[in-house]
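Every chain is numbered from 1, with letters handed out A, B, ... down the list of sequences. Heavy atoms only: backbone and side chains are in, while hydrogens, waters and symmetry mates are out.
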There are 2 protein chains.
Amino acid sequence: MARTQGSHSETTGPRIRAAAETLFARHGYAAVSMRQIAGAVGLQAGALYNYTPDKQSLLVDLMQRHMEALMGAWAQEVQGDTALAALEAFARFHIRFNLARRDAVFIAYNELRNLEPEGFAQIEALRNAYEGELAGILTAGREAGLFQLEEPRVTTRAVIALLNGVLTWYRDDGRLSLEEVESLHWQMVRRLVGV
Amino acid sequence: MARTQGSHSETTGPRIRAAAETLFARHGYAAVSMRQIAGAVGLQAGALYNYTPDKQSLLVDLMQRHMEALMGAWAQEVQGDTALAALEAFARFHIRFNLARRDAVFIAYNELRNLEPEGFAQIEALRNAYEGELAGILTAGREAGLFQLEEPRVTTRAVIALLNGVLTWYRDDGRLSLEEVESLHWQMVRRLVGV
DNA sequence: GTCTATAAGGAGATAGAC
DNA sequence: GTCTATCTCCTTATAGAC
């Protein structure tokens, strides 16, 4: 407790990122001003520049942290020993993880166009790595004779798109529970890949 | 040929909309200025206000025209007499129509958050009507014993999401032709709904 | 680390000449 | 119908006091 009450440097960074994430997701990166972000955290705009060199870096930082959290969490997931078990694990993980971080996901998918080339390349590489995880499962399942896929790359993207659809309509207080939504989508994915 | 060369009122309206559509899709509504739009058409910013009362109306106008073109085109589509034929028609139509108008589709899905309440309600109603077309096909197919669906509403959204996925990666000069992409997705939808 | 003040520029929209 | 000029406001980012 040596720190004085006025010094918040260890918490304001995360609070700034949290506020920016919410605001960017709701209104879009371009539509949100540094003043709005500062206001949400109880700061003046100038103070933000103690935490980020500029607005663009704030966006890149959010996306990078999200993609790395996604990859890290998937790496720790129990994946089973068959392609079928791995696919179920992926489908359920993707829905669960992304629904818990909708703002970050929304930003990662919709603000890529507002990234300058270097940031864009970084984020795209991380996304390709994640899609590659699913692609690996699908091709393994095809080689094992479990799945029926005409075009693994197309199927990979189709499965991701299908799962991401949930993010646009699911509500925590809605008719269906998370577990039900997971299971419904797993059944659809299962049929889609021709099990 | 009675018109003078300097008078372009019949064509500048469409040209403004076309330029706005391209720019909004590429950079986002909030990031595009009226000056940019005017510049793309060869006008000064002030002249735009002969064609739209404000920037927001330009966005609503684009979305409305797109959704109405979508509904109108689907109404004219030959839909077959079984739910299976109707579903194939819908899947192929959705991919073909939307791929031909990617900018408009992109705007319709990503700029809803930049709409004021009245505009938002209008566009959402049109979208719900379109989704209702697919929902009708799916429930008809289920009642006929053709499809296996746990939750028609969830399946409807899943199919739309799956088909929309194409819009994010398809390239006219890519490896797969439009017809191939249509067929691949139709096969996936077919399996997804448990035919 | 945060503040106030400010620089430098771009935004949406309007007025009035032509 | 388009232009130039302008109003008013907001933007990102920085400088320097505390």
- Query: Could you write nucleotides 12-18 of chain C as a row of B, S and -, 5' to 3', where a protein heavy atom under 4.0 Å of any base atom gives B, of only sugar-phosphate atoms gives S, and otherwise -?
  - Reply: BBB----
Tell me which donor-acceptor pairs under 3.5 Å the side chains of residues 22-31 of chain B have, and how far apart each pair is, sequence neighbours excluded?
from: B:T22; atom 1: OG1; to: B:A18; atom 2: O; distance (Å): 3.1
from: B:Y29; atom 1: OH; to: B:Q56; atom 2: N; distance (Å): 3.2

- Task: Please report, rounded to the nearest Å, how far the P atom of C:dT6 is from the CD atom of A:Q44.
- Result: 15 Å
- Message: In this structure, how many angstroms lie between the P atom of D:dT12 and the CG atom of A:N50, rounded?
- Response: 17 Å
- Task: Would you check if B:V154 and A:V181 make a side-chain contact, meaning some heavy-atom pair closer than 4.5 Å?
- Result: no
- Message: Which residues pass the salt bridge (charged side-chain N to carboxylate O under 4.0 Å, His left out) test with A:E88, not counting sequence neighbours?
- Response: A:R92
- Item | ring-ring contact (aromatic ring centres under 6.0 Å, His included) contacts touching residues 148-195 of chain B (sequence neighbours left out) | none
N/O donor-acceptor pairs under 3.5 Å from side chains in residues 115-123 of chain A, not counting sequence neighbours:
from: A:Q122; atom 1: OE1; to: A:Q64; atom 2: NE2; distance (Å): 2.4

- Note on the structure: Here the distance between atom P of D:dT11 and atom CG of A:L23, to the nearest Å, is 12 Å
- Message: Could you tell me how far apart B:L48 (CG) and D:dT2 (P) are, to the nearest whole angstrom?
- Response: 9 Å
- Roughly how many Å is it from CG in A:L43 to C1' in C:dT4, rounded to a whole number? 14 Å
- Message: My understanding is that only residues two or more places apart in sequence, or in another chain, count here; which of them pass ring-ring contact (aromatic ring centres under 6.0 Å, His included) with A:F147?
- Response: none
- Respond yes when some side-chain nitrogen or oxygen of B:Y51 is under 4.0 Å from OP1 or OP2 of D:dG1, and no when none is. no
